[in-house]
2 protein chains.
Amino acid sequence: MTDPLAAGTATAAPLYREVRRLLTASLQAREWEPGAALPSEARLAQRFRVSIGTLRRAVDELVAEQVLVRQQGRGTFVATHGPSRLMFQFFRIVGANGERDLPEPELLAFERGRAEAREAAALRIAPGERVLRIRNLLRLGGEPIVLDDIVLAQRLFPDLAEKAFRERDSTIYGFYQTRYGINVVHASERLRAAAADRASARILKVAPGAPLLEIHRLAMTYHDAPVELRRSRVNTAHHAYSSELGKSPAR
Amino acid sequence: MTDPLAAGTATAAPLYREVRRLLTASLQAREWEPGAALPSEARLAQRFRVSIGTLRRAVDELVAEQVLVRQQGRGTFVATHGPSRLMFQFFRIVGANGERDLPEPELLAFERGRAEAREAAALRIAPGERVLRIRNLLRLGGEPIVLDDIVLAQRLFPDLAEKAFRERDSTIYGFYQTRYGINVVHASERLRAAAADRASARILKVAPGAPLLEIHRLAMTYHDAPVELRRSRVNTAHHAYSSELGKSPAR
DNA sequence: AAGTGGTCTAGACCACCAT
DNA sequence: TGGTGGTCTAGACCACTTA
């Protein structure tokens with residue numbers, strides 16, 4: 001194998017990282033559609049001119065981040081944002097006994113606006129740039145539990161209209177993925193307790209001033225590029241946010 | 001290599017899992033002290049009669065769970081519960097700008113009691129069994145921010161007295177590890193928003209009824225055996241709980 | 001210089017899935 | 001039966017730490 005970085009610039013990155021980078025680039029370029037199978041590991045190893053072990057190590061990392069999914073005997077697939085991925089990765093609200101229900105969404109508002117300073121900084125766009133503001137209610141077991149206020153850079157979602165958003169046939173991240181080729185791969189959240197303002201209280205059917213769990217989330221695609229800013233307010237009277245510390249996801 | 005499970009009982013577990021099990025057993029038996037180096041990978045591979053690749057795979061998993069720590073050129077070490085592990089794995093409270101401070105603890109109460117039904121179920125002991133109840137305040141930047149109520153099965157911590165707990169020279173989990181050989185390796189948490197009761201409000205210097213972030217944590221050692229039950233109340237006026245979704249820790 | 005973990009390879013064999 | 005991913009091996013070479 002020829003050294004990919006022969007010059008003496010510090011220490012060369014390991015080969016499997018370079019292979020991972022190439023795989024990610026192909027995913028970004030939509031060389032393989034969401035849900036589709038990648039070429040076999042043997043073929044990919046040939047293509048990148050590495051051993052199968054090195055190729056597998058690169059795929060291992062993308063599988064760990066749930067960007068790819070392996071199925072023994074069948075192949076390796078581009079992960080889709082279906083209900084199961086939502087529940088495993090992006091929806092952490094559980095019932096009193098730890099049980100998880102699929103949330104039922106209701107679109108409350110869909111508006112166009114301009115980015116405020118803090119929103120612009122988080123989304124890495126210019127202050128005042130056009131944004132979409134979406135208000136979405138999630139019900140669990142019929143009860144209104146989560147109120148989401150979503151901000152998107154309009155530039156990333158050209159032509160997105162309320163009708164298309166409302167009539168999507170999948171999760172929100174699934175919609176981003178299939179309609180706009182934007183694959184949310186991780187998110188960073190900050191949680192606080194806050195008193196319910198009047199509007200939130202009315203929608204969530206709690207008393208004004210009641211304690212709500214407030215979550216600020218920045219969802220990102222490859223290379224930590226920001227995609228979506230979201231503020232959630234959760235009625236935690238009969239639900240909770242679940243967090244696991246120091247345990248590898250699944251096994 | 002002889003098959004470790006020759007009989008036809010379903011599918012045999014992979015060899016690296018068996019090696020991992022043996023390593024975990026040695027750790028539980030304190031064959032290597034916290035902070036001490038394990039034998040080299042070559043020697044461990046010889047000992048377990050596996051190839052170095054298989055041995056490394058077992059160690060990989062324990063490193064991913066932060067039970068072991070690798071240092072290139074030096075060796076592989078039993079992870080200790082020092083300040084850095086606290087901050088990376090078990091303390092998720094950050095400031096308004098995301099900065100992390102080391103909390104300064106103050107012991108408020110140390111009492112003996114009996115396990116209530118829910119506590120007993122969580123700790124997997126009998127209802128009414130002896131427990132220790134510890135109330136601990138954490139300050140950040142001098143301000144009281146987190147109030148912890150800790151419940152321990154006395155059986156796991158024989159002879160534990162207030163003085164020893166108060167005068168410990170490390171984190172609480174470091175104390176469990178060095179004094180009792182109990183290594184907390186992961187924890188499961190449930191977060192809610194709740195109104196401050198009078199006692200909490202006084203200690204955290206907030207108004208009674210102010211919204212607090214309430215965290216119920218069950219800390220576990222190897223094989224998910226429960227160790228500690230903890231309820232935290234956090235003043236999130238100037239701090240937040242940080243959560244990363246779908247990102248491998250560190251890299 | 002010696003010892004450690006980190007990377008990479010090449011190949012064998014197994015388990016599982018589709019046909 | 002053929003193709004896929006999953007496991008395991010044996011060995012070479014590199015990077016880093018310590019003395």
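Order of the sequence lines sets the chain letters (A, B, ...), proteins ahead of strands, with each chain counted from 1. For clarity, every value in this text was computed on a predicted model and none was experimentally measured.
Between B/Arg43 and C/dT4 there is a side-chain polar atom (N or O) within less than 4.0 angstrom of OP1 or OP2. When the side-chain nitrogen and oxygen atoms of B/Tyr16 are compared with OP1 and OP2 of D/dT7, one or more of them lie within a distance under 4.0 Å. The side chain of A/Thr54 contributes no N or O atom lying less than 4.0 Å from OP1 or OP2 of C/dT7.
Listed by residue number, A/Gln72, A/Gly73, A/Arg74 are the residues of residues 69-81 of chain A with a heavy-atom contact under 4.0 Å to DNA chain C.
The side chain of A/Arg57 sits closest to C/dT7 out of D/dC8, C/dT7, C/dC8. Which of D/dT4, C/dA10, D/dC8 sits closest to the side chain of B/Ser51 comes down to D/dC8.
Rounded to an integer number of Å, the gap from B/Arg17 CZ to D/dG6 C1' is 12 Å. As a whole-Å value, the separation of A/Glu41 CD from D/dG5 P is 4 Å. Note: CG (B/Leu44) to P (C/dT4) measures 11 Å, nearest angstrom. Between the C1' atom of D/dG6 and the CD1 atom of A/Ile52 lies a distance of 11 Å, rounded to the nearest Å. The CG atom of A/Leu55 sits 16 Å away from the P atom of D/dT7 (whole-angstrom rounding). Per the geometry, CG belonging to A/Asp60 stands 13 Å off P belonging to C/dT7, to the nearest Å. Distance A/Glu18 CD to C/dT7 P: 15 Å, rounded to the nearest Å. The interatomic distance linking B/Gln46 (CD) with C/dG3 (P) rounds to 14 Å, in whole Å.
Using a 4.0 Å cut-off between charged side-chain N and carboxylate O, B/Arg20 and B/Glu65 make a salt bridge. At a threshold of 4.0 Å, the pair A/Glu41-A/Arg70 counts as salt-bridged, since one of the basic side-chain nitrogens sits closer than that to a carboxylate oxygen.
Ring geometry for B/Phe90 versus B/Tyr173: interplanar angle over 60°, hence perpendicular rather than tilted (30 to 60°). Using a 30° and 60° split on the angle between ring planes, A/Phe157 and A/Tyr176 fall in the tilted class, from 30° to 60°.
Among the protein residues, A/Arg56 comes within range of the nucleic acid bases, having at least one heavy atom under 4.0 Å from a base atom.
For residues 182-191 of chain A, the salt bridge (charged side-chain N to carboxylate O under 4.0 Å, His left out) pairs, not counting sequence neighbours, are A/Glu189-A/Arg217.
For the pairing with B/Leu138, the side chain to side chain contact (heavy atoms under 4.5 Å, CB included) check across B/Val234, B/Leu102, B/Asp148, B/Ile93 returns one residue only, B/Asp148.
Under the rule for a ring pair (Phe, Tyr, Trp, His ring centres under 6.0 Å), A/Tyr222 has no partner lying at least two apart in sequence or in another chain.
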